[in-house]
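Beneath this line is the structure, given in structure tokens, with notes to follow.
Values below: every heavy atom of this structure, side chains too, minus hydrogens, waters and symmetry copies.
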Amino acid sequence: MTHPFYAIHTHGLIRVAAATPRASVGDTGANAEATIALAREADAKGVDLVVFPELNITSYAIDDLHLQTAQQRATLAAIATVVEASATLRPVLLVGAALVRNGRLYNCALAIARGEVLGVVPKTFLPNYREFYEKRWFASGAGLTGSTIDLDGEEVPFGTDLIFAALDLPGFIFHAEICEDYWAPTPPSTAGALAGALICCNLSASNIVIGKARERAMLAASQSARAMCAYVYSAAGPGESTTEVAWDGQGLIHELGEQIAESERFSTEPELVIADVDCERITQDRLRNGTFNDAAVFAGNPETRFRRIAFDHAAICEAKVDLQANDPPPPGGGGRRSLTEGEAHATPAPCPPPPSPTAPPPPGGGGLGRLERSIRRFPFVPNDPARRDDDCYEAFNIQVEALSKRLVSAKAETIVIGVSGGLDSTHALIVAAKAMDRLGRPRSAILGFTMPGFATGEGTKANAWALMRALGITAEEIDIKPAARRMLEDIGHPFSDGEPVYDITFENVQAGLRTDYLFRLANQRRGIVLGTGDLSEMALGWCTYGVGDQMSHYAVNSGVPKTLIQFLIRWCIRTDQYDAATDDILSTILAQEISPELVPAGADGALQSTESMIGPYALNDFFAHYVIRHGLAPSKIAFLAWHAWRDAGVGAWPEDLPADARVAYDLPTIRHWLEKFLFRFFTTSQFKRSAMPNGPKVSAGGALSPRGDWRAPSDGIATAWIEELRSSVPLG
């Protein structure tokens with residue numbers, strides 16, 4: 001037993017699998033045994049739903065043998081064998097078989113759970129072109145709704161109007177379609193998704209020809225994105241007849257357009273590709289997308305026409321993460337039953353309380369404790385080098401194009417920018433240089449000012465000067481210390497009497513003076529003030545409001561998180577956007593610690609450290625992504641962060657991330673900084689975002705402008721988020 005936090009179902013994740021059994025040429029008994037073997041493997045691995053290939057019980061490529069009575073009777077016997085075996089297994093099974101009803105033969109998907117057939121879905125679109133001749137044997141299920149089929153003396157729901165919903169596991173709602181159905185211009189799964197299914201499944205035979213695997217992946221990605229669902233696809237593999245065609249056994253699992261798992265194709269062994277799909281994330285995306293609801297309305301509200309087949313999944317309590325394959329079946333059994341309106345949104349019975357809220361995390365082996373999907377440590381930065389470079393190219397050029405347009409529309413002759421030698425001002429400056437190049441203007445029209453204060457380090461000031469010289473801009477220095485001393489004296493601050501008081505007023509006097517100078521310089525020199533603050537700082541409120549670094553004429557970095565800025569600068573170096581001298585100083589700036597340099601160094605000489613005060617930007621950007629883009633509960637964000645960051649040796653890292661940045665964070669550390677983030681984001685900083693200047697949205701992960709992605713009250717509080725975190729996430 002351990003804390004429910006560690007269980008995937010607690011966080012709206014459903015474990016699915018695409019199965020590729022060893023097929024046969026019409027040996028239904030062998031097919032049943034192959035199906036059961038993979039179902040048992042899935043049971044041992046805590047899978048909730050297994051999708052098998054099209055006609056995996058009957059066999060697909062047997063041509064006119066589909067029309068033989070002996071074959072049809074053997075199929076029924078094999079189905080009974082699978083149904084009986086399912087009584088002691090955890091997963092719901094989606095298997096394929098040819099079934100006779102009303103003098104017609106249908107190519108069907110059968111949903112089987114806990115010793116029962118929950119329902120049967122006939123294939124709608126029958127291919128009858130090139131190598132396919134399905135209309136020779138099968139009838140289409142189009143228009144068949146509200147019907148039943150007799151299976152072994154029991155009337156079972158039959159039709160294209162079925163979706164299946166677990167009563168005791170919210171989010172476990174799935175729809176089945178078959179092969180050609182998702183090659184059609186109007187896939188049945190679209191209606192299924194609009195009717196409420198979160199997981200759409202495709203039982204496919206799909207012989208292989210050159211390029212077809214890419215086409216399947218494209219269709220699965222497209223359908224999961226357009227229908228806003230998870231999509232599980234399973235194609236027939238080795239063992240099917242190769243009289244005229246061959247098979248590769250491709251299994252795919254997609255979620256909202258992203259592939260999260262794929263099988264090994266052409267394997268000679270049975271395969272089970274497993275992934276945890278995030279049904280809460282899917283639901284949250286649908287809530288955010290009004291077009292999804294509009295599509296349901298325009299389609300006549302499919303939920304009013306679909307039958308929702310309810311079943312008791314009777315999932316093993318997820319606090320038991322050490323379940324083994326030979327354990328007894330979960331108590332309570334399952335079973336199909338009608339879904340009442342009140343049960344449509346039922347919540348599961350609570351797990352028994354764990355023995356200790358500080359129980360250790362589950363072991364790394366099989367069972368329910370390991371997350372079966374990769375979670376990117378840097379949500380804004382792809383791990384794949386090619387995708388990373390594509391994203392950096394787009395992000396950089398979005399900023400350059402946006403700034404170019406603003407310069408033209410404002411009729412600005414110059415850009416005025418404060419250059420500190422830190423990451424943000426560095427990136428804003430190189431964007432400005434490229435914008436001037438693109439407009440055919442001289443870089444000397446960029447007016448860079450370094451403005452040393454009481455804690456400015458010689459190293460960062462030297463970097464600022466080196467960068468300005470390398471880029472060929474107009475560079476000047478204004479020492480703000482005399483003006484700052486005068487202001488501190490005028491307001492009666494203890495520092496003016498020699499006391500070492502370095503409070504928020506002391507810091508903001510310096511930050512405010514810098515911005516005041518920049519705005520007056522822009523007035524004087526017919527320019528605009530270029531903001532340097534990034535999305536991470538706006539999320540945390542880590543900026544000085546009004547007459548401070550929160551304000552500018554145009555905030556070119558406001559849509560770019562801190563972690564992405566570092567990769568953008570590396571991309572500029574790697575792709576030779578500037579000359580060698582500029583690249584050298586950019587590399588030096590990347591290597592220094594992030595500091596606001598507003599408070600003098602301590603007796604030990606240590607500089608003021610931003611991340612020691614507000615937390616690692618790697619974690620803060622992770623938190624921001626899942627709050628802004630997906631609206632997930634804090635406990636879910638902590639769960640995902642723990643899986644992403646708990647072991648530096650597991651999982652992929654962006655290729656050019658320095659070795660010393662490849663660190664791990666334990667759950668107490670994640671919990672601590674997440675609580676700090678929630679308080680800053682929801683309670684203390686929204687008023688700054690409500691008045692932020694214009695700036696381009698860069699990432700699909702979101703932006704924080706009140707005129708764009710994010711709208712929230714300036715006087716909101718973080719109580720609901722912090723209480724959810726404290727009550728749901730263990731201390732260790």
Verdict with reasoning, S558 to D534, per side-chain contact (heavy atoms from CB on, under 4.5 Å): CA-CA 4 Å; S558 61; D534 61 42; over 6 Å; no
Go through the steps for W542 and Y617 under the test ring pair (Phe, Tyr, Trp, His ring centres under 6.0 Å), then give the verdict. CA-CA 12 Å; W542 189 248; Y617 274 113; 8.4 Å; no
Looking at D278 and K636, is there a salt bridge between them, counting it only when a charged N and a carboxylate O are closer than 4.0 Å? yes
If I compare all heavy atoms of A718 with all of T683, which pair ends up nearest, and what's the gap? N-OG1, 2.9 Å
Spatial distance of atom NZ (K45) from atom CG (L272) [nearest 0.5 Å]: 6.0 Å
Between K697 and D709 (salt bridge meaning N to carboxylate O under 4.0 Å), is one present in this structure? yes
Side chain to side chain donor-acceptor pair (under 3.5 Å) assessment of E507 paired with Q510: CA-CA 6 Å; E507 294 189 34; Q510 298 171 79; over 6 Å; no
Which heavy-atom pair separates S263 from G251 by the least distance, and what is that distance? OG-N, 2.7 Å
To the nearest 0.5 Å, tell me how far I375 CD1 sits from D276 CG. 9.0 Å
In Å, rounded to the nearest 0.5 Å, how long is the span from CD1 of I722 to CG of L678? 6.0 Å
Name the orientation class of the two ring planes belonging to W571 and F396 (parallel below 30°, tilted from 30 to 60°, perpendicular beyond 60°). tilted
Within the side chain of K688, is there an N or O that forms a donor-acceptor pair under 3.5 Å with the backbone of C543? yes
With rounding to the nearest 0.5 angstrom, report the CZ to CZ distance, R281 to R629. 7.0 Å
Looking at D389, D391, L590, V381, which one forms a side chain to side chain contact (heavy atoms under 4.5 Å, CB included) with F567? V381
Evaluate the side chain to side chain donor-acceptor pair (under 3.5 Å) criterion for residues N463 and T460: first the C-alpha distance (whole Å), next the side-chain angles of each, then the deciding distance (0.1 Å), finally the verdict. CA-CA 5 Å; N463 287 342; T460 53; over 6 Å; no
Please report the interatomic distance CD(E394) to CG(D390), rounded to the nearest 0.5 Å. 7.0 Å
Does this structure show an ion pair linking R15 with D48, if we count only N-O contacts that are shorter than 4.0 Å? no
With side-chain contact (heavy atoms from CB on, under 4.5 Å) as the criterion, how do T283 and L198 come out once you've worked through the C-alpha distance, each side chain's angles and the decisive distance to 0.1 Å? CA-CA 8 Å; T283 299; L198 299 175; 3.7 Å; yes
Could you check whether Q686 and S690, counting side-chain N and O atoms only, form a donor-acceptor pair closer than 3.5 Å? yes
Tell me whether Q550 contacts the main-chain N or O of G546 through its side chain, where contact means a donor paired with an acceptor under 3.5 Å. yes
Between F380 and G701, which heavy-atom pair has the shortest distance, and what is it? CE2-CA, 4.2 Å
Is the backbone N or O of A539 less than 3.5 Å from a side-chain atom of R689, with the two atoms forming a donor-acceptor pair by type? yes
Under 3.5 Å, side chain of T456 to main-chain N/O of G453, donor-acceptor pair present? yes
For this output row, return yes or no: ring centroids of F679 and F681 closer than 6.0 angstrom. no
What's the shortest heavy-atom distance between P634 and E724, and which atoms? CD-OE1, 3.3 Å
Side chain R662, main chain L657, donor-acceptor under 3.5 Å: yes
What about F454 and F506, are their ring centers closer than 6.0 Å? yes
So, for F172 and H9, is the gap between ring centers shorter than 6.0 Å? no
Which class fits the ring pair F687 and Y545: parallel under 30°, tilted 30 to 60°, perpendicular over 60°? tilted
What class does the angle between the rings of F639 and W642 fall in, given that below 30° is parallel, 30 to 60° is tilted and above 60° is perpendicular? tilted
When every non-hydrogen atom of Y6 is compared with those of L667, the smallest separation belongs to OH-CD2, 3.7 Å
Would you call R574-D656 a salt bridge at under 4.0 Å N-O? yes
Please verify the inter-ring angle class for W645 with F378; under 30° counts as parallel, over 60° as perpendicular, anything in between as tilted. perpendicular
With distance as the sole test, does S224 use its side chain to make a donor-acceptor pair with the main-chain N or O of A230 at under 3.5 Å? no
Could you please spell out the steps behind the side-chain contact (heavy atoms from CB on, under 4.5 Å) verdict for T532 and D549? CA-CA 8 Å; T532 61; D549 55 324; 5.5 Å; no
So does R373 pair up with E255, basic N to acidic O under 4.0 Å? yes
If every non-hydrogen atom of V501 is compared with every non-hydrogen atom of H493, which pair is closest and at what distance? O-CE1, 3.3 Å
For N508 and T544, test the side chains for any donor-to-acceptor distance below 3.5 angstrom and give the result as yes or no. yes
Donor-acceptor contact below 3.5 Å, side chain W653 vs main chain A648: yes
Under 3.5 Å donor-acceptor, R377 side chain and A644 backbone: yes
Axial cation check for F677 ring with R680, 6.0 Å and 45° limits: no
Using side-chain contact (heavy atoms from CB on, under 4.5 Å), reason through I565 and D424 one step at a time and then give a plain yes or no. CA-CA 7 Å; I565 280 180; D424 291 345; 3.3 Å; yes
Show your reasoning for whether side chain to side chain donor-acceptor pair (under 3.5 Å) applies to D621 and T563. CA-CA 7 Å; D621 283 358; T563 48; 2.6 Å; yes
Would you give the length of the straight line joining atom CG of N557 to atom NE2 of H427, rounded to the nearest 0.5 angstrom? 5.0 Å
